[in-house]
Amino acid sequence: MRLQGWVSVGNLAAGFLSSPSRRLAALSGSKHVCGFGVSAANNMAEEAKKLAAYAAVDNHVQARQLILQHGLTLSDLDRHPELDVAIDGADEVDADLTLIKGGGGCLTQEKIVAGCAKHFVVIADYRKDSKALGQQWKKGVPIEVIPMAYVPVSRTIAKRFGGEASLRMAVSKAGPVVTDNSNFILDWKFERAQNWKEVNTAIKMIPGVVDTGLFVGMAERAYFGMEDGSIQVRDPPVN
């Protein structure tokens, strides 16, 4: 597709693009790009992810040379709230293109960006590919909550849906992880497969919940970088 407008690209989607904030957009001429967003095995996975990213950018933005050759001016969603394409990573992708995102703590802002885009495309390495959520990603579904509500929210989730919702604690400093929105994150380790559309809606209705890391019915295509250097493309199933 030929695009004239705003394009959101996660920081891994274009290895040639970096940005200080996932909320900022990079402008070059008439095209705009928004940056969000070891062991040998990990290095291989990173290279696979880059291959998937290049394929996604080439197929959906077709502006790689433009990005490489021109300087980028930063903007944001306040001034440009509509995007043609958003490209970002995921912690896990199932067979229906339902995603778990938020391992890095930016789930609400990433969902806002994806929701502002006409097309949302996902890139990932082969380790993120699952038939069902929970097969590969074992850390649970991130849920952003108002700080005063994290205890009642965690109890309600466990009671209604099973499993355990634990407050995410910081690694390098004392206390819980605090998001860019000054909220806490619960990681819900679920025990069984769920109707993710219904569960996502139900959790969001619990008082104190800001948003979940479940991206249901949002991604229209996923690119997976494989171990052998190939790219696999997945579209959502036709119902």
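A heavy-atom distance below 4.5 Å is not found between the side chains of Val153 and Pro207. Between Leu186 and Ser166 the shortest side-chain heavy-atom distance does not fall below 4.5 Å.
With hydrogens and angles ignored, the 3.5 Å screen pairs a side-chain donor or acceptor of Lys111 with a backbone N or O of Leu214. Between the side chain of Arg160 and the backbone N or O of Val199, no donor-acceptor pair lies under 3.5 Å. Remark: side-chain polar atoms of Gln136 are not paired, donor with acceptor, to backbone N or O of Ser130 under 3.5 angstrom. No side-chain donor-acceptor contact under 3.5 Å links Glu144 to the backbone of Leu107. Listed for the Ser182 side chain is no donor-acceptor partner under 3.5 Å among the backbone atoms of Val178. Counting only distance, with no hydrogens or angles, the side chain of Asp96 and the backbone of Thr98 share no donor-acceptor pair below 3.5 Å. A donor-acceptor contact shorter than 3.5 Å is absent between the side chain of Lys204 and the backbone of Thr212.
A distance of 7.0 Å separates CD in Glu92 from CD in Gln135, rounded to the nearest 0.5 Å. Taken from OG1 in Thr179 to CD in Gln109, the straight-line distance is 7.5 Å, to the nearest 0.5 Å. The line from CZ of Phe161 to CZ of Arg192 is 9.0 Å long, rounded to the nearest 0.5 Å. The CG atom of Asp91 sits 9.5 Å away from the CG atom of Leu99 when rounded to the nearest 0.5 Å. If you take CZ on Phe120 and CE on Met218, they are separated by 6.5 Å, rounding to the nearest 0.5 Å. Here the SG atom belonging to Cys116 is positioned 13.0 Å from the NE2 atom belonging to His80, to the nearest 0.5 angstrom.
Tested against Thr108 for a side-chain contact (heavy atoms from CB on, under 4.5 Å), the candidates Asn181, Ile185, Val113 yield a single pass: Asn181. If you run side-chain contact (heavy atoms from CB on, under 4.5 Å) between Ile123 and each of Ile87, Asp88, Ile231, only Ile87 comes through.
When all heavy atoms of Ala114 and Phe215 are compared, the pair lying nearest together is CB-CE2, 4.3 Å. Heavy atoms only, all atoms of each residue included: Gly208 and Ala149 are closest at CA-CB, 3.7 Å. When every heavy atom of Ala219 is checked against every heavy atom of Leu97, the shortest pair comes out as O-CD1, 3.7 Å. Among all heavy-atom pairs drawn from Val145 and Asn183, the shortest one is O-CB, 3.1 Å. Across all their heavy atoms, Arg234 and Asp94 have their closest contact at NH1-O, 3.1 Å. When all heavy atoms are compared, the tightest approach of Val93 to Ala222 is CG1-CB, 4.3 Å.
Look at Arg168 and Asp187 and you find a salt bridge, because one of the NZ, NE, NH1 or NH2 atoms lies within 4.0 Å of a carboxylate O, short of that distance.
Geometric assessment of Lys128 against the ring of Phe224 yields a negative cation-pi assignment under the 6.0 Å and 45° thresholds.
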Problem - Derivation and outcome, side chain to side chain contact (heavy atoms under 4.5 Å, CB included), residues Ile203 and Ile157 - result: CA-CA 7 Å; Ile203 291 177; Ile157 291 173; 4.2 Å; yes
Practice task
Any chance you could lay out the side chain to side chain contact (heavy atoms under 4.5 Å, CB included) test for Val210 and Ile146, step after step, and finish with the verdict?
Solution key: CA-CA 7 Å; Val210 178; Ile146 300 298; 3.9 Å; yes
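Around atom NZ of Lys131, no more than 12 heavy atoms belonging to other residues, nucleotides or ligands sit under 6.0 Å away.
When hydrophobic clusters are built by joining Ile, Leu, Val, Met, Phe, Trp and Tyr residues whose side-chain heavy atoms come closer than 4.5 Å, directly or via intermediates, Ile206 is grouped together with Ile143. By the criterion of side-chain heavy atoms lying less than 4.5 angstrom apart, applied directly or through intervening Ile, Leu, Val, Met, Phe, Trp or Tyr residues, Val177 is not grouped with Val151; the two fall into different hydrophobic clusters. Hydrophobic clustering, with ILVMFWY side chains joined whenever heavy atoms are under 4.5 angstrom apart, groups Met226 together with Val122.
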